[in-house]
Visitor: 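Here's a structure for you.
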Amino acid sequence: MIAAGLVFAATVAAALAGGGPVPVLLPDGESAAEWAPALALAAMAPGTPGTGPWVIIAPAGGSWWLVVHGPDGAVRRAEVVPARSAAAREELAWLAASLLRPAPGPVAPAPAPAPAPAPAPAPARPAAPPPPTAAPPPVPLATAPVPPPVPAAPARWTWAAGGVGGVQRGGGERLAAVAGLAVETRRPDGLLLGGRTTAAPWSTLATNGVAAPMRRADLDLYAGLQHPAGPRLVAGAGRSWRRFMGTETDDIDAILPTLHPGVGWSLPLGAHGAALPLAWLGADLQEIQVAHDDTVVRSPSWTLGLGLALRRDRLPGRG
C-alpha cells in the first residue's frame, strides 16, 4: 500500500509540474503532526492556501467538506466523513490528490467572483421644514386664586370652671364632707394651670381620744397635664386653714403650708363639659400639736381625699 501511495504521489507531483507540496488547511482542532505523514504521501503538507493549488478541509455539521483548487484553476468539492484514524487520513489525502489532477477533457472554469454589491444609494435629504409661523398667544386658563399661606395659630388657652365635691380624712380630723370650686386654663397639648378651694365646715378633730368640733378650708394652686384620652395628673401647693373649737377655751386658728398632688380622669359631658373623678393627697408642711390634760399630742400631717368635679368650658383666651 505504501509503495502504491508513493507512486500515486509521484504522479500527482508530476501533474503539478514540479511545484512544492500543496498546502492543506486543516479543520480547527486537528493536529498538523498527525496529518503530516498522510499528506506527505500525496505531496501535500499542512499550510495556508496561497495563489497556487491548495486544499481546504472544512467542517460542515457532522461531515467535512473537501474543497480543492487545482493547477488548472478549477475548484472541486466533495463531502467526506471526518477522518479519525491514520488510515482514514491517508484515504482523504488520496482523494484530495485525485481531485487536484487536471481532468483530461475540458474543465469548467472556476466560477467568476460575484460582482461587488452596488453601493447603497445615498439617503434622500429630508425636505426642508416650512418656515416657522408665529404661534398664537397662549390663552390664559381660568384658575382659582391661591390663598396666601395661613400662619400657624398660637397655642390657645381654654378656660374652665366647675364645682368639686367629695370626702377627705386626715390632718387629725375624722371623715368629713368637702365642697368647693375650681378654675383652670388648658392648652391643646394638655398643659393646664389652675386653682381650687375646698371647705369642710362640719368636721371633728379626733386625735388620741381628743374629740372636738373643727373647721377646715384649703386653697391650692396647681399645674399638670390632661391627656386627650382622659388621664390627668396634677401637683400643687397652697395653704390650709384649721379652726379648733374649744368648749372651755377660746377657738384656735392655724394656717399651714401644704402640698397637694392628685390624679383624675376626664369623662366628656357634651361638647363643652366633663366629669372628673379625683383622688388627692395632702401633706402638711408644719406639724400640729394638741395639748390635752398636760399631754402634747401630734396630729397626723396627711390628708386623703376622693371626689368628683363637674367642669364647664369657657370662652378661649389668647395664649
Side-chain angles (χ1 to χ4, degrees), residues 1-139 141:
M1 169 112 25
I2 295 177
L6 293 175
V7 173
F8 186 76
T11 304
V12 174
L16 295 178
V22 177
V24 178
L25 181 62
L26 299 173
D28 292 340
E30 293 294 315
S31 172
E34 293 181 352
W35 278 87
L39 296 177
L41 295 175
M44 303 178 194
T48 305
T51 57
W54 48 259
V55 176
I56 296 177
I57 304 174
S63 59
W64 285 355
W65 276 104
L66 180 64
V67 183
V68 175
H69 178 259
D72 56 351
V75 177
R76 301 173 181 86
R77 300 174 178 84
E79 186 176 4
V80 298
V81 178
R84 301 305 183 191
S85 64
R89 287 190 284 270
E90 289 181 8
E91 292 181 4
L92 194 148
W94 293 348
L95 176 59
S98 66
L99 295 176
L100 280 170
R101 286 183 301 172
V107 178
R125 177 176 296 180
T133 59
V139 178
L141 299 177

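Here the structure is a predicted model, which is why all the values come from computation and not from measurement.
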Visitor: Please find the pair of heavy atoms, one from L92 and one from V81, that lie closest to each other, and give the distance.
Guide: CD1-O, 4.5 Å
Visitor: Could you tell me whether the side chain of P23 reaches within less than 4.5 Å of the side chain of T48, counting heavy atoms only?
Guide: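 SC-SC contact between T48 and P23 ruled out.
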Visitor: Name all residues meeting the side chain to side chain contact (heavy atoms under 4.5 Å, CB included) criterion together with A88; count only those two or more places apart in sequence or in a different chain, and write none if there are none.
Guide: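 With neighbours one apart ignored, the set is A83, S85.
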Visitor: What's the shortest heavy-atom distance between P21 and M44, and which atoms?
Guide: CB-C, 4.0 Å
Visitor: Give a yes or no on whether the backbone of A38 and the side-chain of R89 come within a donor-acceptor separation of less than 3.5 Å.
Guide: no
Visitor: Which heavy atom of A36 sits nearest to which heavy atom of P46, and what is that distance?
Guide: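 Between these two residues, the closest heavy atoms are CA-CD, 4.3 Å.
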Visitor: Can you see which heavy atom on L99 is nearest to which on R76, and at what distance?
Guide: O-NH1, 3.0 Å
Visitor: I need the minimum non-hydrogen distance between V22 and P53, along with the two atoms involved.
Guide: CG1-O, 3.6 Å
Visitor: Suppose the criterion is side-chain hydrogen bond (donor to acceptor under 3.5 Å, both in side chains): which pairs have a residue in residues 22-31, not counting sequence neighbours?
Guide: E30-W35, E30-R84
Visitor: Please tabulate, for the side chains in residues 58-67, all donor-acceptor contacts under 3.5 angstrom to protein atoms that are two or more places apart in sequence or on a different chain.
Guide:
{"unit_1": "S63", "atom_1": "OG", "unit_2": "A60", "atom_2": "O", "d": "3.3"}
{"unit_1": "S63", "atom_1": "OG", "unit_2": "E79", "atom_2": "OE2", "d": "2.7"}

